[in-house]
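Have a look at the structure below, then the notes.
Lettering follows sequence order; numbering is per chain, from 1.
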Amino acid sequence: MKKLLPYWLVAPYVVHMLVFVAFPVVFSVVLTFHRWNIISPMEFIGPDNYVRLFKDRLFWQALFNTFRFLLVHIPLQIGIALGLAELLNRTLRGASFFRAAFFLPVIVSGVVVTILWQQLLSFNSGMLNRLIAGIGLPRVAWLDDPAVAMYSIAIMATWKNVGLYVILFLVGLQTVPPQYYEAADLEGATSWQKFRYITLPMINPTIFTVVVLSTIGGFSLFIEPYIMTEGGPLNSTLSAVMYIYQQAFQYYHMGYSATLGFFFALLILAVVAIQKRYVEQEI
Amino acid sequence: MSTFLRYFLLMLAAASFIYPFVWMLSASLSSESELGNLTLWPVGFTWANYVTVFSKIPLGRAFVNSVLVAVTTTGLVLISGAMTGYALARLQFRGRNLIFYVIIFTMTLPFQITLIPNYITMVKLGWVDTYFALIVPFMLNSLSILLFRQAFTGLPQALIDAARLDGCGELRIIFQILFPNILPTVLTITILTFMGLWNEALWPLIVIRDEPTMTMPQLVTLFSVGGRADGQLTVKIAAAVMLAIPIIVLYLFFQRHFIRSMASSGLKD
């Protein structure tokens, strides 16, 4: 009895992991070689799903959209979060108020944030365009122009998440020993030099975290385009997860949908591995 | 940089995060024609948007579902996470390291790969349109096990030995003797799990089609996307406000814990 006890304690985890992680991973690989609408029997089709994937214009479109999202999202996220963290790091009075304010969108559902921004970004009555028109500039078709819509979503996602990264950068900045800056001051270093050669190398792990989490976030986008644009206009905001969802639940292509999921998952792991190498060597 | 400029920039940033929520609240209490104005107070004050929301969708029922699912699942996560975390931290057994590495490995696995197979599992188990589909897949999670393991590792062995001498069983040791000593970890896991479940929309959209079983994020999403809001933005916004209020109220009370919990989960990766 005493010897078996540890096994009883970990049993729930093991069973749960087998059912909801190990089995799905194996089954996902099996599914990629089948055609299946969940009702009729599975049909083995060899590598057809993979062939189809490489020829599928919408798959490439979703990938391209994710890339465009990350292109704007990652630099904005790092720039704004680092800037606000720098400001907060020198501030004693009211720091906890500011932190709490920046963090507010982080805890709220993406559903709420998306409905809110759908209104802020609307062409005619949106607050943003009213402000822009108010100072005499032409209105922007934030969500209606295929060349712009994905970037609008990237801006919204930055607004939602940046508070978390401010906190992470703040933790990173506080690990820098003040003596480093004092020594640099004695040597007559400029602010830029201090930032480039002291701050940046010290917070490099945080930058890596932000890059990785943002990348995973980009590949996980779903509710934002689902509510705001339904993937449009002209599929310009169709995201990876949204395309998986469409193939599975609009067309009941379970095999192909699993192939997309499998492929996107591999891609995320590969991209993160590359980022790990690159970001760690960079600075 | 001067102190004035620094505070000016910080205030500007704070306003850009808070003001949209204030605007949202006031828009939800305004009549449709006034929408889009920069305002702090409702223009043409009315409760009509909320009346419309509640008459068109079972939001009260969805609130009860959300609370039920989030509270039950969080409780299960705490129990199962503590059991596994305790075994990994304090007991010697064969396979312990293997389980630890499996947990680390599964945490890096993107959910895109398990999404469709897990849906099929739900179909085959007959769990579509049941609470089981919303609770069981989330009742254990790797991060909570790791956090518990870390917390239990830091406790003195004397605490456990003394309890054993008094004849306590291991479950009583975990939940009665050790739990009070790791309350910050318990709170962190509670917040992360509860918040994640309260805000989750994708999985419910996949496994629930039956309106009375829906949780709030799903119901509000479908209301916003479908035609039932009749294109009335203020009504959609009222529904979104109802979804946001519970978590914002919790945030006002446990603000520092929310921030610390989220930061600790971010730094884990």
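- Contacts between A:Trp117 and chain B at a heavy-atom distance below 4.5 Å are absent for every atom of the residue.
- Using a 4.0 Å cut-off between charged side-chain N and carboxylate O, A:Glu224 and A:Lys160 make no salt bridge.
- The greatest number of non-hydrogen atom pairs below 4.5 Å with chain A, out of B:Thr221, B:Ile18, B:Leu91, B:Val241, is found for B:Thr221.
- Contact of B:Met122 with chain A is made through the side chain alone, with heavy-atom distances under 4.5 Å.
- Within the 4.5 angstrom heavy-atom criterion, only side-chain atoms of B:Ile116, from C-beta onward, approach chain A.
- Distance check: A:Leu5 CG to B:Met83 CE gives 9.0 Å after rounding to the nearest 0.5 Å.
- For B:Arg209, the CZ atom counts as densely surrounded, since its 6.0 Å shell holds more than 12 non-hydrogen atoms of other residues, nucleotides or ligands.
- Between chain A and the options B:Ile206, B:Thr106, B:Leu115, heavy-atom pairs under 4.5 Å are most frequent for B:Ile206.
- For B:Met11, the parts sitting under 4.5 Å from any heavy atom of chain A are the backbone and the side chain alike.
- For B:Leu252, no part lies under 4.5 angstrom from a heavy atom of chain A.
- For B:Arg90, no part lies under 4.5 angstrom from a heavy atom of chain A.
- Contact of B:Leu250 with chain A is not made at all, since no heavy-atom distance falls under 4.5 Å.
- A donor-acceptor contact closer than 3.5 angstrom links the side chains of B:Asn49 and B:Thr234.
- For A:Val241, the part lying near chain B is the side chain, with the backbone staying farther off; criterion is any non-hydrogen pair under 4.5 Å.
- The distance from the OG atom of A:Ser109 to the CD1 atom of A:Ile115 is 8.5 Å, given to the nearest 0.5 Å.
- Using a 4.5 Å cut-off between heavy atoms, A:Tyr165 makes no contact with chain B at all.
- Of the atoms belonging to A:Glu86, not a single heavy atom falls under 4.5 Å from chain B.
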